[in-house]
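Structure first, commentary second.
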Amino acid sequence: MIVVTTPTGQIGREVLARLLDAGEGSVPVRVIARDPAALAPQVRERVEVVQGSHADPGVLKEACQGADQVFWLLPPNPAAPDSEAYYGAFTDRLCEVIEAQGMERVVAVSTLGRGVARNAGMISAGLAMDERIAATGVHYRALCPPALMENTLRQAAAIRDTGVFATPHVTDRVLRLCATRDVGAAAARLLLDDSWTGRADVPLVSADDLTPEGMAAVLAEVLGRPVRTRFVPVTELGAGLLRTGAVEGWVRSYADMVTAQNEQGFYGVSQLPTPDLAPTTFRQWCEEVLRPATEA
Ligand SMILES: NC(=O)c1ccc[n+]([C@@H]2O[C@H](COP(=O)([O-])OP(=O)(O)OC[C@H]3O[C@@H](n4cnc5c(N)ncnc54)[C@H](OP(=O)(O)O)[C@@H]3O)[C@@H](O)[C@H]2O)c1
């Protein structure tokens with residue numbers, strides 16, 4: 001039995017779709033969903049559903065009963081005042097279940113930055129999650145993407161209408177990228193393979209060698225209109241997040257993350273691409289995902 005958290009999220013739904021495709025119904029899957037109605041009907045009828053949040057110890061315990069593998073993802077939460085405590089509480093619940101009920105393998109979404117990132121807000125919190133889970137002794141793979149291409153999706157309409165691609169990242173320095181579909185595919189492959197053991201990071205880095213300015217050039221070509229970057233300093237970014245309802249502690253953690261990304265280089269050119277594991281290029285993603293979103 002494979003337990004899938006966040007089955008309605010960008011990455012979780014990719015994992016789930018691939019597990020269901022690959023197994024043709026033969027791989028039993030149980031999902032934890034706060035709102036099962038948000039699952040597509042054709043998905044809902046092929047999985048067991050435990051309703052609730054994986055932050056809830058009772059829900060997680062029930063979902064993991066008799067399961068040997070978990071796909072684990074910490075959901076971003078702009079209402080959490082302390083991201084370290086927020087991620088830590090989720091992780092403690094999982095570790096308690098692993099220690100009490102047993103679990104063969106965990107595949108989790110983490111991030112690039114191990115051994116390099118310092119005071120990096122939610123990135124540091126995500127990397128701490130890996131240490132805590134691995135310390136239980138469970139066989140563990142941490143999927144480590146850099147910036148998700150889907151971050152750009154939030155401003156699809158603005159890019160289409162104004163030709164401005166806003167970014168808090170230094171605009172002339174390489175920013176490594178990965179599409180959520182490739183994170184989902186890597187997770188599903190690992191969950192369907194019972195031959196691996198121990199602990200490892202799995203870097204997921206597309207073949208792109210783009211700076212944000214280079215990303216704007218690709219956006220311009222794919223959308224058929226001029227697109228330029230606008231650098232957004234963290235103070236402006238934070239003020240914008242507060243206006244959308246994020247609490248101060250979360251905004252601080254977000255700002256720390258972006259500052260660390262800009263200053264410490266762990267999403268930068270020194271990270272080697274892994275195109276076998278992350279085959280989607282930014283151009284392909286723009287053609288297949290972003291452009292349709294701007295046309296919707
Ligand atoms: N963005 C980046 O550049 C980047 C880079 C590296 C790593 N990451 C990591 O990637 C992950 C983001 O994944 P994603 O894009 O799939 O996220 P997402 O699309 O925001 O999905 C998260 C899902 O979690 C569920 N959720 C939200 N709050 C919850 C709660 N309190 N309890 C249980 N479920 C909850 C939501 O589903 P419902 O609302 O339906 O319940 C949502 O669909 C994060 O862990 C992040 O740290 C991101």
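Ligands are counted one by one from 1 in listed order, and the atoms in each one are counted from 1 as well.
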Using distance alone, with no hydrogens and no angle criterion, decide if [X] and [Y] have a side-chain donor and acceptor under 3.5 Å apart.
X      : Y      : value
Glu99  : Thr136 : no
Glu150 : Thr180 : yes
His139 : Glu104 : no
Tyr267 : Thr111 : yes

Around [atom], find the nearest protein heavy atom and jot down its residue, atom name and distance.
atom                    : answer
atom 16 (O) of ligand 1 : Ile11 N, 2.9 Å
atom 44 (C) of ligand 1 : Leu74 O, 3.4 Å
atom 27 (C) of ligand 1 : Arg34 NH2, 3.3 Å
atom 17 (O) of ligand 1 : Pro76 CD, 4.1 Å
atom 24 (O) of ligand 1 : Thr6 CG2, 3.2 Å
atom 38 (P) of ligand 1 : Thr8 OG1, 3.5 Å
atom 21 (O) of ligand 1 : Gly9 CA, 3.3 Å
atom 10 (O) of ligand 1 : Val109 CG1, 3.6 Å

- For atom CD of Gln155, is the number of surrounding heavy atoms from other residues, nucleotides or ligands below 6.0 Å larger than 12?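 Yes, because the 6.0 Å sphere around CD of Gln155 holds more than 12 heavy atoms from other groups.
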- Task: For ligand 1, find out whether one of its N or O atoms is nearer than 3.5 Å to an N or O atom of Ser53.
- Result: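 Between Ser53 and ligand 1, an N or O pair is found under 3.5 Å apart.
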- Message: Is it the case that ligand 1 has an N or O less than 3.5 angstrom from some N or O of Asn151?
- Response: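 For ligand 1, there is an N or O atom that lies under 3.5 Å from one belonging to Asn151.
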- Message: Check the orientation of Phe90 and Tyr86. Use parallel for under 30°, tilted for 30 to 60°, and perpendicular for over 60°.
- Response: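 Rings of Phe90 and Tyr86: perpendicular, as their planes differ by over 60°.
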- Task: Sequence neighbours left out, what passes side-chain hydrogen bond (donor to acceptor under 3.5 Å, both in side chains) with Arg105? Give chain and number order.
- Result: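 By the side-chain hydrogen bond (donor to acceptor under 3.5 Å, both in side chains) rule, Arg105 matches no residue at all.
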Would [X] count as a contact of ligand 1 if the rule is a heavy atom under 4.0 Å away?
X      : result
Ala33  : no
Ser110 : yes
Ala147 : yes
Trp72  : no
Ala55  : no
Asp35  : no
Asn77  : no

- Task: Let me see the working for Glu96 and Lys61 under salt bridge (charged side-chain N to carboxylate O under 4.0 Å, His left out), right down to the final yes or no.
- Result: CA-CA 9 Å; Glu96 284 156 20; Lys61 197 171 156 196; over 6 Å; no
- Message: Checking contacts here: is it the side chain or the backbone of Leu73 that comes within 4.0 Å of ligand 1, counting heavy atoms only? Could be both or neither.
- Response: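 Side chain only; the backbone of Leu73 stays clear of ligand 1.
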- Item | atom 46 (C) of ligand 1 touched by protein heavy atom at under 4.0 Å |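 No, there is none.
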